[in-house]
Amino acid sequence: MNLDGLEQITPYCFAAPARGGAAPIRFFGSRALLEAMDEKVREQITHVARLPGLVGAAMAMPDAHWGYGFPIGGVAAFDPEEGGVISAGGVGFDISCGIRCLRTPFTLAQLSPVIAPLADALFRAIPAGLGEQGRLKLSLPQLDEAMTGGAQWAIAQGFGRDEDLPFIEERGRIAGAAPEHVSTHAKERQKAEMGTLGSGNHYLEVQVVERIHDQAAARAYGLREGQILVAIHCGSRGLGHQVGTDYLVSLAHAAGRLGITLPDRELACAPIRSPEGARYLGAMNAAINIALANRQILAHLTRDVFARFFPRQPIDTLYDVSHNTCKAEEHIVQGVAKVLYVHRKGATRAFGPGHADLPAPYRAIGQPVIIGGSMGTGSYVLAGTATSEAQSFSSASHGAGRAMSRAQALKRWHGRALIDELARKGILIRTKSFRGAAEEAPGAYKDVEAVAEATESAGLARRVAFLRPKACIKG
DNA sequence: ATGTAC
């Protein structure tokens with residue numbers, strides 16, 4: 001990305017001021033990460049800055065890359081009282097895609113002797129891949145309950161336990177879901193997809209805590225070196241995708257009717273206080289609950305598999321973070337508390353220490369932030385900081401971020417060879433799609449170390465632990 | 001991301 005015309009306002013933040021009625025833009029990251037970023041990110045963030053009612057700056061996180069309308073890694077907050085809008089492209093198609101991180105009591109030494117049969121068992125138990133169905137088949141009324149109840153609904157169905165809830169955003173259930181604004185088509189697509197992983201960059205990964213960066217935070221999060229964790233990365237499956245598809249059309253019509261000039265058709269949006277905006281918000285919240293329920297069921301299936309190898313050993317939820325959402329949150333704007341609708345597309349919420357929404361054991365430390373890396377490199381647990389509120393409406397990076405398109409990756413890697421190479425490095429991959437594995441080659445991603453380092457240096461979150469993959473179930 | 005395009 002060309003940085004011409006951007007001012008380096010801190011070593012890890014590059015910005016351009018408001019101009020011509022558009023809001024300021026702001027890019028977080030090292031100069032090296034930003035220079036390597038696709039040109040499209042700047043173009044897309046510049047477009048976002050022209051949307052009505054934007055508060056502060058249109059922002060890109062250090063892992064940003066090109067996306068539909070908004071870049072992935074984009075953050076934008078809107079004031080409903082100032083004509084602020086909600087945009088389906090600002091949330092993304094995979095609504096509430098996120099990571100559930102489970103904390104096991106097992107060490108790598110205990111796990112290593114059974115890692116291969118464990119990976120096989122997880123691969124059999126976790127439905128993964130495009131269009132893959134789960135064991136659960138829901139009726140439309142049951143699906144409405146899931147859309148309203150989220151992970152709380154899943155627990156009531158026998159998947160997991162109430163102790164998980166404080167460690168899930170919104171305690172596992174976001175308010176404001178409106179199943180009546182989700183199309184029957186979207187519901188039909190989801191009936192048999194609860195408790196499934198999906199495809200693309202979704203995965204279930206068995207990881208080991210390889211390095212602790214912050215001992216106090218690690219202690220509060222219950223993490224120690226050599227400990228085994230499980231990260232489940234997935235979202236709202238067919239339902240979320242269909243909600244996105246349906247509302248792109250509806251929001252585009254609304255924008256036309258209300259005379260909102262769209263810098264890019266992909267930024268279809270409507271005022272938060274408009275019928276179409278309100279309906280999208282209700283449908284998106286329903287999809288958020290579907291994603292929360294989905295990860296809750298997958299966490300339960302994971303526990304079942306581990307129990308076969310390690311009976312009667314508790315596996316806790318470290319945290320469950322979403323990274324494709326638009327959420328109403330209170331933020332301080334020029335000294336005044338306001339409710340803003342914060343779009344985070346490929347960005348995690350990162351509340352700092354003391355936030356009332358954090359579970360008691362983490363409140364003094366800050367919210368766990370999970371940067372999911374590629375299958376061959378590793379992931380990070382970070383903690384939200386006080387500075388992220390002022391910098392980015394309490395938002396941080398969500399992953400390594402793609403550095404190369406899927407098509408480019410396919411030309412460069414062969415799935416089978418890649419999986420063999422990772423196995424030689426002690427990382428077991430289980431997948432039905434060798435093509436998918438090639439698209440997800442670690443080399444097609446940015447350097448997760450650089451992203452985590454930049455996230456910390458930019459003041460968005462601070463590093464707590466580095467996690468190395470041991471086994472990965474790929475969709 | 002996605003019954004990988006209606």
Side-chain angles (χ1 to χ4, degrees), chain A residues 40 44 63-74 87-100 127-134 137-138 143 182-204 232-249 252 265-266 268 280 283-284 286-288 290-292 294-295 298 321-326 343-348 372 374-375 398-402 404-411 415 431-440 444-445 473-475:
Chain A
K40 277 277 187 186
Q44 292 191 314
D63 55 336
H65 55 106
W66 172 84
Y68 185 93
F70 277 60
I72 293 154
S87 163
V91 174
F93 281 88
D94 191 6
I95 296 169
S96 198
C97 180
I99 295 183
R100 166 71 69 102
L130 189 65
E132 196 67 28
Q133 302 194 340
K137 309 282 187 252
L138 299 186
L143 204 53
V182 175
S183 67
T184 307
H185 186 192
K187 295 176 190 176
E188 290 288 344
R189 283 182 67 172
Q190 192 62 28
K191 277 167 127 179
E193 286 192 341
M194 294 305 293
T196 66
L197 201 57
S199 66
N201 65 359
H202 290 171
Y203 58 76
L204 182 149
I232 300 167
H233 177 213
C234 64
S236 51
R237 307 290 286 106
L239 185 138
H241 189 269
Q242 193 61 44
V243 166
T245 304
D246 291 342
Y247 278 93
L248 278 170
V249 178
R265 317 172 48 154
E266 295 185 356
Y280 174 63
M284 182 204 59
I288 287 178
I290 288 297
L292 296 177
N294 193 31
R295 288 197 289 274
L298 289 169
V321 291
S322 290
H323 51 228
N324 281 353
T325 57
C326 174
H343 293 67
R344 296 189 182 93
K345 181 188 190 180
T348 58
S374 69
M375 58 186 168
H398 82 306
R402 289 200 81 88
M404 193 185 286
S405 72
R406 291 181 179 278
Q408 280 176 295
L410 277 177
K411 285 184 200 156
T431 183
K432 292 192 185 83
S433 170
F434 293 129
R435 177 198 168 107
E439 289 179 352
E440 290 294 313
Y445 279 83
I473 312 304
K474 286 296 287 185

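All chains are named by letter (A, B, ...) in the order of the sequence lines, taking the proteins before the strands, and each is independently numbered beginning at 1.
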Quiz item: How close or far is atom P of dT2(B) from atom CD of Glu193(A), stated in whole angstroms?
Solution: 8 Å
Quiz prompt | Touch class at under 4.0 angstrom, heavy-atom based, for Arg402(A) against every strand present | solution = nothing
Exercise. Round to the nearest Å and state the distance from Leu130(A) atom CG to dA5(B) atom P.
Key: 10 Å
Quiz item: What heavy-atom pair brings Thr196(A) and Arg237(A) nearest, and what distance separates the two atoms?
Solution: OG1-NE, 2.7 Å
Quiz item: Rounding to a whole Å, what distance do you find between Ile72(A):CD1 and dT2(B):P?
Solution: 13 Å
Exercise. Not counting sequence neighbours, which residues clear salt bridge (charged side-chain N to carboxylate O under 4.0 Å, His left out) with Lys137(A)? List them please.
Key: none
Practice problem: Rounded off to whole Å, could you give me the NE2-to-C1' distance for the His241(A) and dT4(B) pair? | Solution: 9 Å
Quiz item: Can you tell me if the side-chain N/O atoms of Ser199(A) get under 4.0 Å from OP1 or OP2 in dT4(B)?
Solution: no
Quiz item: In whole angstrom, what separates Arg435(A)'s CZ from dT2(B)'s P?
Solution: 14 Å
Practice problem: Check every strand shown and say whether Gly235(A) touches a base, only sugar-phosphate, or nothing at a heavy-atom separation below 4.0 Å. | Solution: nothing
Quiz item: Can any side-chain N or O of Asn294(A) pair as donor or acceptor with the backbone N or O of Leu197(A) at less than 3.5 Å?
Solution: no
Exercise. Check every strand shown and say whether His323(A) touches a base, only sugar-phosphate, or nothing at a heavy-atom separation below 4.0 Å.
Key: nothing
Quiz item: Between His233(A) and His323(A), is the gap from one ring center to the other below 6.0 Å?
Solution: yes
Quiz item: dT2(B) P sits how many Å from Ile95(A) CD1, rounded?
Solution: 12 Å
Practice problem: Calculate the interatomic distance between Glu132(A) atom CD and dT4(B) atom C1'; express it in whole Å. | Solution: 16 Å
Quiz item: Within this structure, what is the CZ-to-P distance between Arg237(A) and dT4(B), rounded to whole angstrom?
Solution: 12 Å
